[in-house]
Amino acid sequence: MASEQELSTSFIPALYKPAALLPIARHKKSLLYLVEKYPVTIVVGQTGSGKTTQLPQYLDQAGWCEDGKIIAVTQPRRVAATTVATRVAEEMRCKVGEEVGYSIRFEDLTSPATRIKFLTDGMLLREALVDPLLSRYSVIMVDEAHERSLSTDVLLGTLKKIRKKRPELRIIVSSATLQAENFLRFFAGEEYQPEAEPADLGGSVGRIISLEGRMYPVDMLFLDSPAEDYIERAVKTVFDIHTQEPEGDVLLFLTGREEIDTAIQLISERAVTLHPKAPSLLPLPLYAGLTTEQQMYVFEPTPENTRKVIVSTNIAEASVTIDGIVYVIDSGFAKLRAYNPKTGIDTLTAVPISKASATQRAGRAGRTKPGKCFRLYTQQAFEQMPAATVPEIQRSNLAPVIMQLKALGIDNIVRFDFLTPPPAELIIRALELLSSLGAVDDYAKLTKPLGMRMAEIALDPMMAKVLLVAPSFNCLSEILTIAAMVTLQGTVWVQHAGDKRSAESHRRKFAVEEGDHLTYLNVYQAFVTKGKKDSKWCRDNLLNYRALLRAVSIRGQLKRYVERFGIQVDETLSSRHGAADLSKQQEQIRRCLTTGYFAHAAKMQPDGTFKTVSGGLTLHAHPTSLMFNRKADWVIFHEIMQTGEKTYIRDVTKIEKSYLLEYAPDYYRVRQ
DNA sequence: GAGCACTGC
């Protein structure tokens, strides 16, 4: 007989609502019927409907994991894959990695016993490289498909192709209301019947099923005339809520760090004028650039007699959920990244959000009780918003996507079945770049072995090329490190607000005059010799400990790729001594970088700005770059981005003009 | 003098 102790440890934590009470429970039969009968099921349901946690368990119970088959559930974000797996494992009373597991880059918590597997959609695409028909899976559920991330879109196209060869495969797409028909139309193709009753739209291919969420009503309030300054209006609204509305925390959506800091300052200043006995206001910032500890404040319970005001970027729209929010203030704007194929430059600008985004933001007010959403725009402006945000695949540099598709054996990109095809110009521009890198031939086929190998490595094509030619420059070990560090995307250093001078002096300790890439190499080498077991060493040097640990993992993974290609990595080279040797080695590294980044070259002007090779554009070294306050002649850079009025280059390294002509003669002959 | 959010065996 089990002791009381044993019994009590097997109880499900009361934290979670018993599964049977979730709205999805009522739909169990019809869900299982649809999945049994149709190859494709589109599930419409909001957060809280239980689709992500319950549906996989229903499928498992109904026998979809017999004969060793697995149910896959994909997520656009790593944290979602891990947290949902943990929760489902608790409900099924097993450990993560047993019947329920997850798989994300660098973390595979699955075993031969795993029947339900949560993974990022990028990860499932990686699996398709090895197992093109994804034959281990009986059901693949693509969750949060309405977010239309790059990987989700590529995955959906790939699944449509796989379905033709595997009619027994079941595909479940989970989506918000607005896009459900698009997904069904996509999979049903010619069988889609626009004139049919809603219940028959998808012919014999699929059906849509709706699960209502566990949402409370949210009152919508619009401005009657447009706001001249939405930050000012937002702050005013915060105080109106604080003085006139019952208790409950406020979530304010703005576009970026600068606006958030301004708003928080205004709120703090004005809070002093509140009546001494009135409840106090606690404004808190939330954006991705904050450290994890700084972000944690928003999740702490609100102190007594206080109202929390969380001032956030888009991160709180889908990625982060905060309890206790009753009031949402929506500026109606978000910063979005877009790629301009004409200039090859990424832009980051504030643009009006879509109706779908506005609805999602408002929904954040109704998670625990009825709420209110104050929209800082008119109803007319809302009507004019686009229905949905332009999918990433239509506003991104497609070079990495094209490499990925080609690695999956999809050669004719133009004929690939995209949910929404990207503009031809984006495809042409990407193919031009891949051709100049030698990754594809005149028929746009992957070259052997260079293009094939580039496609297999999890790196941006320019860096992939650099890595694969590194052995001929005798600097493979160093490039492995540089590639890993650049992948961290500027998270190497931690920023401390108001501590700019000390940040700069710390960076100077590791500085290499030739530029950011060699400085990264220095930082990494210092980290593995001095700081790998010592997070204090990182704190003292304003370095991001977790980011550097990640660099170690990425480097290890890249090294395994290279070794699989039969290329030896000589790690003794990086510890060579002597000034002459060092300078020679640094030159080799700069030459090697140029073989991949020749299209990202610029010349410094007397005033310290840069001009592109064609001469058209004025570029500024990003303030985080070593080249921000140094002299150079020619440079190559990793990234170019336009924000506001200025165009910045980041991760910049000095080169000689002669390198460009030596390593990219064709590219530069045309442009001279 | 400064950057929304994600991701990859």
Side-chain angles (χ1 to χ4, degrees), chain A residues 74-81 103-110 119-131 144 147-155 253-261 286-290 312-320 331 333-338 346-351 353 357 389 392 395-396 400-401 403-404 407 455-460 463-464 483-484 487-491 493 495 497 500-501 503-504 550 553-554 556-561 563-564 608 620-625 628-629 639-650:
Chain A
T74 72
Q75 298 288 329
R77 281 173 291 278
R78 295 159 54 99
V79 289
S103 173
I104 61 178
R105 192 181 188 184
F106 302 125
E107 274 181 77
D108 183 4
L109 245 67
T110 60
L119 69 179
T120 50
D121 33 30
M123 198 68 202
L124 189 60
L125 277 172
R126 282 269 146 195
E127 287 189 6
L129 288 180
V130 188
D131 176 10
E144 314 289 354
E147 287 188 25
R148 302 292 305 275
S149 77
L150 265 184
S151 308
T152 305
D153 270 21
V154 174
L155 179 61
F253 283 101
L254 295 176
T255 68
R257 189 172 125 176
E258 204 182 331
E259 284 184 4
I260 290 171
D261 290 345
L286 179 63
Y287 47 86
L290 294 173
S312 173
T313 60
N314 230 11
I315 192 169
E317 188 181 303
S319 307
V320 163
S331 66
F333 284 87
K335 275 191 190 170
L336 274 192
R337 223 177 147 130
D346 264 317
T347 55
L348 186 59
T349 39
V351 292
I353 57 170
S357 257
T389 310
E392 254 187 314
R395 51 183 168 92
S396 300
V401 175
M403 289 302 275
Q404 189 167 34
E456 211 174 307
I457 295 180
L459 277 179
D460 169 86
M463 193 54 97
T487 305
L488 300 177
Q489 299 179 109
T491 57
W493 309 92
Q495 306 166 338
K500 287 166 193 162
R501 219 174 286 154
E504 175 62 25
R550 190 167 164 83
S553 300
I554 296 172
Q557 191 180 73
L558 295 176
K559 186 176 171 184
R560 286 195 295 279
Y561 275 119
E563 285 172 342
R564 208 189 306 145
H620 300 262
H622 194 274
T624 56
S625 168
F628 178 66
N629 47 18
E639 198 183 35
I640 177 165
M641 174 166 287
Q642 185 190 326
T643 59
E645 297 301 299
K646 282 187 175 174
T647 306
Y648 292 98
I649 53 178
R650 237 201 45 199

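So you know, we letter chains A, B, ... as the sequences are listed, proteins then strands, and number each from 1.
When rounded to the nearest whole Å, the span between NZ of K335(A) and P of dA2(B) equals 11 Å. Distance, L150(A) CG to dC4(B) P: 20 Å, rounded to whole Å. Rounded to a whole Å, the CG atom of L488(A) is 14 Å from the P atom of dT7(B). The CE-P distance, from M641(A) to dA5(B), rounds to 12 Å in whole Å. The interatomic distance linking E107(A) (CD) with dT7(B) (P) rounds to 12 Å, in whole Å. Whole-Å rounding puts the L129(A) CG to dG8(B) C1' distance at 10 Å. Note: CD (E639(A)) to C1' (dA2(B)) measures 13 Å, nearest angstrom. Taking atom CG of residue L254(A) and atom P of nucleotide dA5(B), one finds them 13 Å apart after rounding to whole Å.
Distance from the side chain of K646(A) is smallest for dG1(B) among the nucleotides dG8(B), dC6(B), dG1(B). The listed nucleotides are dC4(B), dC6(B), dG8(B); the one nearest the side chain of R105(A) is dG8(B). Checking dG8(B), dC6(B), dC4(B) against the side-chain heavy atoms of Q489(A) singles out dC6(B) as nearest.
Nearest-nucleotide assignment on DNA chain B puts the 5′-proximal partner with R77(A), out of R77(A) and R560(A). Heavy-atom nearest nucleotides on DNA chain B were determined for P400(A) and for Y287(A), and the one closer to the 5' end corresponds to Y287(A).
Nucleic acid contact class of R337(A) (heavy atoms, under 4.0 Å, all strands): base. Nucleic acid contact class of Y561(A) (heavy atoms, under 4.0 Å, all strands): sugar-phosphate only. The residue A288(A) sits close only to the backbone: its heavy atoms come under 4.0 Å of sugar-phosphate atoms, none of a base. Across all strands shown, R78(A) has heavy atoms under 4.0 Å from sugar-phosphate atoms exclusively, and none from any base. Using a 4.0 Å heavy-atom cutoff across all strands shown, L348(A) reaches at least one base atom of the nucleic acid.
Every residue two or more places apart in sequence or in another chain that forms a side-chain hydrogen bond (donor to acceptor under 3.5 Å, both in side chains) with E639(A) is listed here: R337(A). Residues satisfying the ring-ring contact (aromatic ring centres under 6.0 Å, His included) test with Y648(A), not counting sequence neighbours, are H622(A).
Distances shorter than 4.0 Å separate none of the side-chain N or O atoms of S151(A) from OP1 or OP2 on dG8(B). Distances shorter than 4.0 Å separate some side-chain N or O of T643(A) from OP1 or OP2 on dG3(B). A sub-4.0 Å separation between OP1 or OP2 of dC4(B) and a side-chain N or O of T255(A) is absent.
Of the possible polar contacts, none joining the R650(A) side chain to the M641(A) backbone as a donor-acceptor pair under 3.5 Å is found. Formation of a donor-acceptor pair under 3.5 Å by the T347(A) side chain with backbone atoms of Q642(A) is not found in this model. Listed for the S331(A) side chain is a donor-acceptor partner under 3.5 Å among the backbone atoms of F253(A).
Residue H622(A) places no side-chain atom within donor-acceptor reach of the base of dG1(B), judged by atom type and a 3.5 Å distance cut-off alone. For a distance-only test at 3.5 Å, the side chain of E392(A) fails to qualify as a donor-acceptor partner of the base of dT7(B).
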- Query: Run the side-chain hydrogen bond (donor to acceptor under 3.5 Å, both in side chains) check on E317(A) and S357(A) step by step: do they pass?
  - Reply: CA-CA 8 Å; E317(A) 188 181 303; S357(A) 257; 2.8 Å; yes
